[in-house]
Amino acid sequence: MFAARLGSSNSKPATTARHLHQIHAFVIKTKLLPSPTLPMLSPKLVASASENLSHVCHILKHLENPDLCLDLCNSIVRTLSSTCKISSNGNHLISLQALVLFQEMLVNGVVPDNYTVPHVLKACAQSRALGEGMQLHAYSIKSGFLLSNVYVKNTLMRLYAVCGLVNSVEAVFAEGCNRDLVSWTTLIQCYVKMGFPREGVMAFFDMCNAKQKADEMTVVVVLSACSRLGDLSVGRKLHGYIRDNGVNSDVFVGNALIDMYLNCGDADPARKIFDEMPVRNVVSWNSLISGLAHQGEFKEALKMFQKMQRTGLEPDNITLVGVLNSCANLGLLEFGKWVHAYIDKNHIEADGYIGNVLVDMYAKCGSIEAAYRVFQGMKQKDVYSFTAIIVGLAMHGEAKRALEIFSEMPKMGIKPDEVTFIGVLTACSHAGLVVEGKNFFRDMECVYSLRPQTEHYGCMVDLFGRAGFIDEAEKFIKNMPIEPDASVWGALLGACKIHGKVELGEGVMKKLLKVEPDRDGAYVLMSNLYSSANKWRDAVKLRKAMKEKNMKKTPGCSSIEIDGVVYEFRKGDKSNRKSKEIYKLLEGIRSLLNSSFGTDDCIILI
DNA sequence: ATAGGGTTAG
C-alpha cells in the first residue's frame with residue numbers, strides 16, 4: 001500500500017499527517033525515500049509538517065541521500081515562515097521548529113543553499129525569536145552566507161529591526177560591502193520606526209552619496225521621516241527627487257507625500273497631490289483627514305470625511321480616529337455620537353485607539369458621563385485611556401474622581417506619563433488641593449522618574465496662585481531648574497488677576513512679553529487685571545498699545561451644531577447669512593439685561 | 001522560490 005502510494009505516479013499526492021506517517025514508516029523499513037515521493041508532497045502536507053516535524057526529522061535521519069531533500073526542507077521552512085503570524089503564543093514554537101529543521105539539515109548533511117537561511121530568518125523575524133536569530137547570525141558568519149548573500153544580510157537586518165535593536169541593524173549593515181537598495185531601505189526604516197527620523201534622513205543622504213538610486217519603497221520611508229521631523233525643506237527636496245529620478249508615483253508614494261506635506265504644515269500641495277491621484281485608497285483619505293486634523297483644520301477634515309462617504313469607500317478605524325479627534329476639538333457632540341453609533345453598528349470594538357479617542361471626544365464635548373461609560377467599558381485600558389479620562393474629569397472639576405482613577409493605575413500595572421500628570425495637577429489646582437498637588441509633583445520625579453516640563457511648573461504656579469499663595473508661586477518659579485515659559489508666567493499673571501496684585505502683575509507681564517513678544521495674551525490678562533482693580537485708564541492704555549502693535553490674537557470663537565451643520569461665531573464677525581437677525585436678537589438681550597441689572601454688572605462683548 | 005513601503009490618541 002505504501003509502495004503503491006509512494007511509487008505510482010497515478011496516485012494522489014500525500015495530503016495528511018497520516019500520509020506523512022506512512023512515508024515515515026516506509027523510510028524506516030527501506031532506508032530509502034524513492035525520488036518520485038518528493039513532488040508528491042503536496043503543500044497541504046508541507047503545512048501539516050509544522051505539526052509533525054519529528055516525522056520529517058526522522059525521515060531525514062533515515063535517508064541514504066538526504067541532500068535530495070533540500071528543496072523539500074526549503075519549502076517546509078518557507079511554509080513555516082509564511083504561516084506563522086505574530087500572535088501572543090505558539091508563534092515562537094514555529095520559528096523554533098524552523099530552526100530545529102535547519103539543525104537537522106546540517107546534522108544530516110543537507111547543505112543549505114541561498115534560500116534556506118533567509119527563510120529561517122524570516123520565520124524568526126515574524127515571531128520575534130531573537131535568540132534563535134542570533135544563532136543563525138553566527139552560522140551566517142561561519143558559513144560565509146552573510147558576506148556572499150545579500151538576502152541573508154537583509155533578512156538578518158530585518159530581524160534585528162523588528163526586535164528594535166538599532167545597533168545590531170547598523171552592525172550587520174556595516175559588515176562587508178554587499179549592500180543593496182533593500183539594505184539601505186531597511187536601515188532607514190529601522191531608524192524612522194525606532195524614533196530616529198533625523199538619522200533616517202542622514203542615512204538617505206549617505207545612500208545618495210554612495211550613488212545608490214532610490215525606488216518607490218525607499219522614498220516612502222524617507223518621506224515618513226520628513227513627516228515625523230516636520231522638515232518641509234527636505235520633504236520638498238524629496239518631492240523633486242521623485243520627479244527628477246523617474247520614481248513611479250504610485251499610491252504609496254502619493255499617500256506618503258500627502259502625509260509629509262500636511263505634517264510639515266503645507267496643506268496646498270497635499271490637497272493638489274490628493275486631487276490629482278489617479279488611484280486613491282482608504283489610506284489616501286486617512287492621510288488627508290488625519291493630516292488636516294493634525295494641522296488644526298478640523299472642519300476641513302470633517303468635510304473631507306463627508307466627501308469620502310459620498311464616494312462609498314468604507315472608513316476604517318484610522319479614519320474614525322481622525323474624525324472623532326476633529327469632533328472633539330470642535331465640540332461637535334452630535335457628530336461624535338453619530339460616529340459612536342456607526343462604530344457600534346459596524347461591530348467595531350470601542351477599545352484601543354478608538355476607545356481612547358471616544359473618551360476624549362465625549363470629555364471635550366462636555367459629556368463627561370458618556371466619556372466615563374466608554375472608559376469603564378474598555379477591556380484594554382492603557383496609559384492613554386487613563387490620561388484621557390483623568391484630564392477630562394479634571395477639566396470638569398471632578399477632582400476627586402480624577403484622583404481616584406489615577407490611584408487605580410498602579411493596581412492595573414499602568415505607569416502614568418507626563419500628560420497624565422498634567423491631568424492630576426490640573427485636578428488638584430481646580431479643587432484647591434495644594435498639599436496633594438505638591439506631593440504628586442514630587443512623586444513625578446521620585447517615584448515615576450518623569451522630569452517635570454514647563455507645563456507642569458505652570459500647573460504648580462496655577463495651583464499656588466489660585467489658592468492665594470502668590471509668594472510661594474514666585475519662590476517656586478525662582479527655584480525652577482529650567483527656563484520658565486509663557487505657561488508659567490501666564491499662570492502667575494492669572495493669579496495676580498484673581499487676587500488683584502497690580503504691581504506684581506506689571507512685572508510679570510514684562511516677563512511674559514519677553515518669552516512671548518508677539519502674542520496678545522499678556523496684554524489681555526493685564527488689562528483685565530487693571531479693570532478688575534478699577535484702573536480703567538491703564539486698561540484702556542494697554543488696549544490701545546495692543547492695537548498699535550498688531551499682535552497675534554488668540555482667536556475667541558464659539559460654535560454650535562444644528563442638524564449636523566457647524567456654525568462658527570467670532571468676535572465682530574458678520575459673515576453669517578443671518579447675522580443681521582442675530583445681532584438684532586443680541587441687542588435685544590443686551591437691553592433686557594441692562595434694564596434688569598444695570599451696565600456695571602453685565603458686559604457683553606459682541 | 002528568498003529581502004525593504006504609507007495613515008491612528010491623551
Side-chain angles (χ1 to χ4, degrees), chain A residues 70-71 74-75 77-79 81-82 112-123 125 145 149-159 161-162 169 179-190 192-193 214-225 227 247 250-260 262-263 281-294 315-325 328-329 352-361 363-364 371 375 382-392 394-395 416-423:
Chain A
L70 177 60
D71 286 348
N74 277 350
S75 51
V77 172
R78 187 163 42 118
T79 310
S81 71
S82 60
D113 65 3
N114 274 345
Y115 298 100
T116 320
V117 179
H119 284 144
V120 185
L121 277 168
K122 190 186 170 194
F145 273 125
N149 182 353
V150 74
Y151 284 87
V152 171
K153 178 181 201 131
N154 294 341
T155 43
L156 191 56
M157 284 177 66
R158 174 83 188 143
L159 167 77
V162 298
V169 176
R179 58 185 68 100
D180 64 4
L181 183 56
V182 178
S183 327
W184 281 103
T185 310
T186 308
L187 178 72
I188 298 169
Q189 157 83 318
C190 168
V192 180
K193 277 265 157 79
D215 70 359
E216 292 75 31
M217 294 202 195
T218 319
V219 298
V220 162
V221 174
V222 186
L223 281 169
S224 122
S227 164
V247 178
D250 64 12
V251 67
F252 284 90
V253 173
N255 294 347
L257 278 168
I258 293 170
D259 173 64
M260 181 279 291
L262 278 166
N263 279 324
N281 59 18
V282 66
V283 180
S284 320
W285 288 95
N286 290 350
S287 299
L288 190 66
I289 291 168
S290 35
L292 286 167
H294 186 257
D316 66 5
N317 281 17
I318 295 173
T319 325
L320 299 174
V321 168
V323 171
L324 283 169
N325 179 18
N329 283 285
Y353 266 103
I354 287 277
N356 294 345
V357 77
L358 270 174
V359 171
D360 184 52
M361 182 277 293
K364 285 215 172 85
F375 174 79
D382 62 8
V383 60
Y384 293 103
S385 335
F386 276 90
T387 304
I389 193 69
I390 289 169
V391 171
M395 294 299 178
D417 69 7
E418 285 89 348
V419 188
T420 321
F421 274 98
I422 297 281

Given the structure, check if the side chain of [X] and the base of [N] hold any donor-acceptor pair shorter than 3.5 Å.
| X | N | result |
| --- | --- | --- |
| D215(A) | dG5(B) | no |
| T186(A) | dG4(B) | no |
| S224(A) | dG5(B) | no |

Sugar-phosphate only, base, or nothing, as touched by [X] at under 4.0 Å among non-hydrogen atoms:
| X | answer |
| --- | --- |
| D382(A) | base |
| V283(A) | base |
| T319(A) | nothing |
| V359(A) | nothing |
| D259(A) | sugar-phosphate |
| N149(A) | nothing |
| L181(A) | base |
| N329(A) | nothing |

Identified side-chain contact (heavy atoms from CB on, under 4.5 Å) partner of V117(A) from the options D113(A), N114(A), V120(A), L121(A):
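The single option meeting the side-chain contact (heavy atoms from CB on, under 4.5 Å) with V117(A) is L121(A).
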side-chain contact (heavy atoms from CB on, under 4.5 Å) with N286(A): of D259(A), N317(A), N281(A), I318(A), only one passes, and it is I318(A)
State, yes or no, whether a side-chain contact exists between N154(A) and M157(A) at a heavy-atom distance under 4.5 Å.
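Sidechains of M157(A) and N154(A): in contact.
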Which nucleotide in the list [options] gets nearest to the side chain of [X]?
| X | options | value |
| --- | --- | --- |
| D180(A) | dG10(B), dA3(B), dT7(B) | dA3(B) |
| N325(A) | dG4(B), dA1(B), dG10(B) | dG10(B) |
| H119(A) | dG5(B), dT2(B), dG10(B) | dT2(B) |
| V321(A) | dG5(B), dT7(B), dA9(B) | dA9(B) |
| Q189(A) | dT7(B), dG4(B), dT2(B) | dG4(B) |
| D250(A) | dT8(B), dG5(B), dT7(B) | dG5(B) |
| Y384(A) | dT7(B), dA1(B), dG10(B) | dG10(B) |

Does [N] have its OP1 or OP2 closer than 4.0 Å to a side-chain nitrogen or oxygen of [X]?
| X | N | result |
| --- | --- | --- |
| R158(A) | dA3(B) | no |
| R78(A) | dA3(B) | no |
| N114(A) | dA3(B) | no |
| K122(A) | dA3(B) | yes |

Face-to-face contact Y115(A) to dT2(B) six-ring, under 5.5 Å, under 30°:
no
Can N74(A) and H119(A) be counted as having a side-chain donor-acceptor contact under 3.5 angstrom?
no
Inter-residue atom distance N263(A).CG - S224(A).OG, 0.5 Å rounding
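That separation rounds to 10.0 Å.
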